[in-house]
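In what follows, chains carry the letters A, B, and so on, assigned in the order in which the sequence lines appear, proteins first and then strands, with residues in each chain numbered from 1.
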Protein chains: 2
Amino acid sequence: MNRRPKIKDIAEALGVSSATVSRALSGSDLVTEETRARVREAADALHYRPNASARSLRTARSMAVLMVVRDVGNPFYLDILKSVEATARAAGYSVLMGNTENDPEREIEYFDMLRDGHADGMILMTGKLPAQEGARNRLPPNAPIVVALETIEGSGFPHVQIDNVAASCEAVEHLIGLGHRRIAHISGPVPEVMSLRRQEGYRRAMRNAGLAIAEGYEQRGDYLLHGGAAACKALFELAEPPTAIFVANDEMAFGAVHHLREIGRDVPGDVSVVGFDDLYLSEAFYPPLTTVRQPRTDIGRKAMGMLLEMLSGAAVPREPVVLPATLRVRGTTAPPKTE
Amino acid sequence: MNRRPKIKDIAEALGVSSATVSRALSGSDLVTEETRARVREAADALHYRPNASARSLRTARSMAVLMVVRDVGNPFYLDILKSVEATARAAGYSVLMGNTENDPEREIEYFDMLRDGHADGMILMTGKLPAQEGARNRLPPNAPIVVALETIEGSGFPHVQIDNVAASCEAVEHLIGLGHRRIAHISGPVPEVMSLRRQEGYRRAMRNAGLAIAEGYEQRGDYLLHGGAAACKALFELAEPPTAIFVANDEMAFGAVHHLREIGRDVPGDVSVVGFDDLYLSEAFYPPLTTVRQPRTDIGRKAMGMLLEMLSGAAVPREPVVLPATLRVRGTTAPPKTE
DNA sequence: CTGAAAGCGCTAACAG
DNA sequence: CTGTTAGCGCTTTCAG
């Protein structure tokens, strides 16, 4: 026999029923210790592996989860992917990658994959629900979906995130504490919720300190290297450029530092920069980037953990789970030059 | 009715057979244009989605591929993942992530997932076959597996890679051309094939130029940031440290540069460094890293393309597909100090 | 403790 | 062009 063995083959070889084999393999105690051993042995000998689709069809579970991000190419998701994968794996689940490229159409496709049984649950790291109202209505009431990093307002899904407002506020307060007054902000793409929140943190810190936000000090970015450089350029073409910049993510911060170096400004001597995220390589940069650390590993683990609970029918918190973000002061921030 | 609709539901609603519905939905031309339209309409109205496991069971295809890497957390794989995902998606396949952490046990698990129908094909980016002889023998003769980046000698699988020896040789020749004589090498974990090849390129360039490799000038690394720093430290504790280092990947190169800065050596003033890979952020580093660019996007696309061909029964080249790697000269290399 | 039998939802012969 | 039927491989009642 040269085809893939199935349960029936083992059953026949052993002269038992396929039900018994199935039970023995699943470790049911409705089977003699002895039969179980014999079955296991035979299965090993034949290199038996249960057919995934047959099992899924029967049990109505795929044992896979979907992790959907805005851009698989973004290094930011790496640690999250890693901890999601590890947590999923430990529970016997595989991870399917979803990549939306911010395209609502594609987002719908992933919701569909959930419906059609490709995956049992989903971790969503995109900032919104597909606009097409259909998508949402088609979801079962308690769909096994966890939103991580981002916020989907009014969705009713459990959330795992950090307090973006407070963390940003803290970052800007660090700059203020150093003595900076002319502090600018390079934001993400507003009006996305996350970008808005970081912007709000910036504004709050400035307001609390009684500092005005000068005209042109709020530049809109795109979370990408080049966007950070471009926004920084705009800032330094102003009549009165800032002495410090709070940038909404590390990648743009690198772009900004790069640009500053090109126009001959020293970081942190001439201008201070603080980022957000604490990418893997941020510490190895020169100068090492002062930034807000998102606990990415914890976020992934927590999100996947909650998803697993939902999958096993447990209730999960309706309130967003907020994990702590911490400011990492490193080499790109210093007191302003006293002239 | 509140459960997921199935084909039968549509069939009954329309008064046709489920076979007709199935055919209409799959766009078969064995169905009147009119019936097809009616079926499509009804399916849309009910938000019908075919059950993935049932279809897989019946067709014996999962429409998923497995991408297996040594470490999902490594940014190096990002571009490849991205292009693999895009190519797979365009052909209707989803991508399952596999992470081996260099553990042969886990590698076997992924081979098993292929066998049990979780995926139809696999892109392997780990440097070896699981040692347990079983694993290999259990594979069907023409298993739909493509090896990318790495080399699995004697496996008979199609390969997509760059010429690591030639590329490394070129990198070292660049250093030699600049006037360096005391050139060291920080390798990956030997005796892995890829590490060995890059080392071989280094040795070949040295030999061709009639240069000796001093005692201790070959340091073994692990492809990680910290390992690069450690290896560099060892190099600079030698009586006669090198004036240039060829590092087997960018991540270790960053670590090395970081260490050099710490011990007060200027890069490239005091010592030149060349890396390998050209990570996304390598250009934004300071100084921008001179490195060998692997065409990661092309590698992913090509590997997935070949896998799709295999999946559709086409023959694929037995000879490794070799894609061009190019040296990117940037800011970490300069002529040696003339003393 | 074990076996027989049904059925998950779909597609593909095979008839008509 | 359409319907009937069988069956993919597994798990799970229901009997014994």
Side-chain angles (χ1 to χ4, degrees), chain A residues 1 3-40 42-43 46-64 92 112-120, chain B residues 1-40 42-43 46-64 92 112-118 120:
Chain A
M1 166 190 40
R3 38 179 244 304
R4 272 182 58 100
K6 39 185 168 182
I7 277 196
K8 211 174 155 207
D9 297 321
I10 305 182
E12 282 170 3
L14 258 46
V16 297
S17 78
S18 55
T20 301
V21 175
S22 171
R23 283 191 276 248
L25 256 19
S26 70
S28 157
D29 50 1
L30 290 174
V31 158
T32 335
E33 174 59 48
E34 194 221 325
T35 342
R36 213 183 310 168
R38 286 205 315 145
V39 169
R40 290 236 170 97
L46 292 172
H47 296 308
Y48 170 77
R49 288 238 93 206
N51 177 298
S53 338
R55 175 176 281 176
S56 293
L57 177 57
R58 183 60 232 240
T59 60
R61 324 190 83 216
S62 63
M63 296 307 281
D112 283 343
M113 285 183 67
L114 208 59
R115 275 173 48 82
D116 69 22
H118 269 109
D120 298 331
Chain B
M1 165 191 41
N2 213 1
R3 41 181 240 303
R4 270 181 61 98
K6 41 185 167 184
I7 277 196
K8 213 174 155 205
D9 298 321
I10 305 183
E12 282 169 2
L14 259 45
V16 297
S17 78
S18 55
T20 300
V21 174
S22 171
R23 282 191 278 250
L25 256 19
S26 71
S28 157
D29 50 1
L30 291 173
V31 158
T32 334
E33 176 57 49
E34 193 221 323
T35 341
R36 213 183 310 166
R38 286 204 315 146
V39 168
R40 290 237 170 97
L46 292 171
H47 296 309
Y48 170 78
R49 286 239 95 207
N51 178 298
S53 339
R55 175 176 279 176
S56 292
L57 177 57
R58 184 60 235 239
T59 60
R61 324 191 85 217
S62 63
M63 296 308 281
D112 283 344
M113 285 183 68
L114 209 58
R115 277 174 46 85
D116 67 23
H118 268 109
D120 298 331

Which atom of B:L14 lies closest to which atom of B:V39, heavy atoms considered: CD2-CA, 3.7 Å
Outermost nucleotides of DNA chain D that come under 4.0 Å of a non-hydrogen atom of chain A: D:dG9 to D:dT13
Ignoring hydrogens and geometry, is there a side-chain-to-backbone donor-acceptor pair from B:S62 to B:A64 under 3.5 Å? yes
Nearest-angstrom distance from the residue atom CE of B:M63 to C1' of C:dC10: 15 Å
So what does B:S22 hit on the nucleic acid, given a heavy-atom distance under 4.0 Å: a base, only sugar-phosphate, or nothing? base
Measure the angle between the two terminal helix axes of the helix from C:dC1-D:dG16 to C:dG16-D:dC1, five base pairs each, and quote it to 10°. 40°
Hey, which of these two, B:S26 or A:V16, hits DNA chain C nearer its 5' end, going by closest nucleotide? A:V16
Could you state the atom-to-atom distance from CG of B:L25 to C1' of C:dT11 in whole Å? 12 Å
Using whole Å, report how far NE2 of A:H118 lies from P of C:dC10. 13 Å
Is A:T35 touching bases, backbone alone, or none of the nucleic acid, heavy atoms closer than 4.0 Å? sugar-phosphate
note: B:K6, atom NZ; C:dG9, atom P; distance rounded to Å ~ 4 Å
How close or far is atom P of C:dG9 from atom CG of A:L57, stated in whole angstroms? 7 Å
Would you mind reporting whether A:D9 and A:Y48 have side-chain heavy atoms less than 4.5 Å apart? no
When you check the phosphate oxygens OP1 and OP2 of C:dC10, does a side-chain N or O of B:Y48 lie under 4.0 Å from one of them? yes
Relative to the 5' end of DNA chain D, which residue comes earlier, B:G15 or A:K8, by the nucleotide with the nearest heavy atom? B:G15
Would you kindly give the CZ-to-P distance between B:R61 and C:dC10, to the nearest whole Å? 19 Å
Over all atoms of both residues, closest heavy-atom pair of A:M113 and B:R49: N-NH1, 4.3 Å
Is the backbone N or O of A:A52 less than 3.5 Å from a side-chain atom of B:D116, with the two atoms forming a donor-acceptor pair by type? no
Backbone N/O of B:R55 and side chain of B:T59: donor-acceptor pair under 3.5 Å: yes
Determine yes or no for a side-chain-to-main-chain donor-acceptor pair under 3.5 angstrom, with B:S56 supplying the side chain and B:R61 the backbone. yes
Ranking B:S17 and A:R23 by the position along DNA chain D of their nearest nucleotide, the one closer to 5' is B:S17
Residue A:R58, side-chain atoms from C-beta onward, closest of C:dG7, C:dT2, C:dA5: C:dG7
For the pair made of CD in A:E12 and P in C:dA4, what is the distance, rounded to whole Å? 12 Å
Any donor-acceptor pair under 3.5 Å from B:S17 side chain to B:T20 backbone: yes
Indicate yes or no for a side-chain donor-acceptor contact from A:S18 to the backbone of A:K8 under 3.5 Å, with no hydrogens or angles considered. no
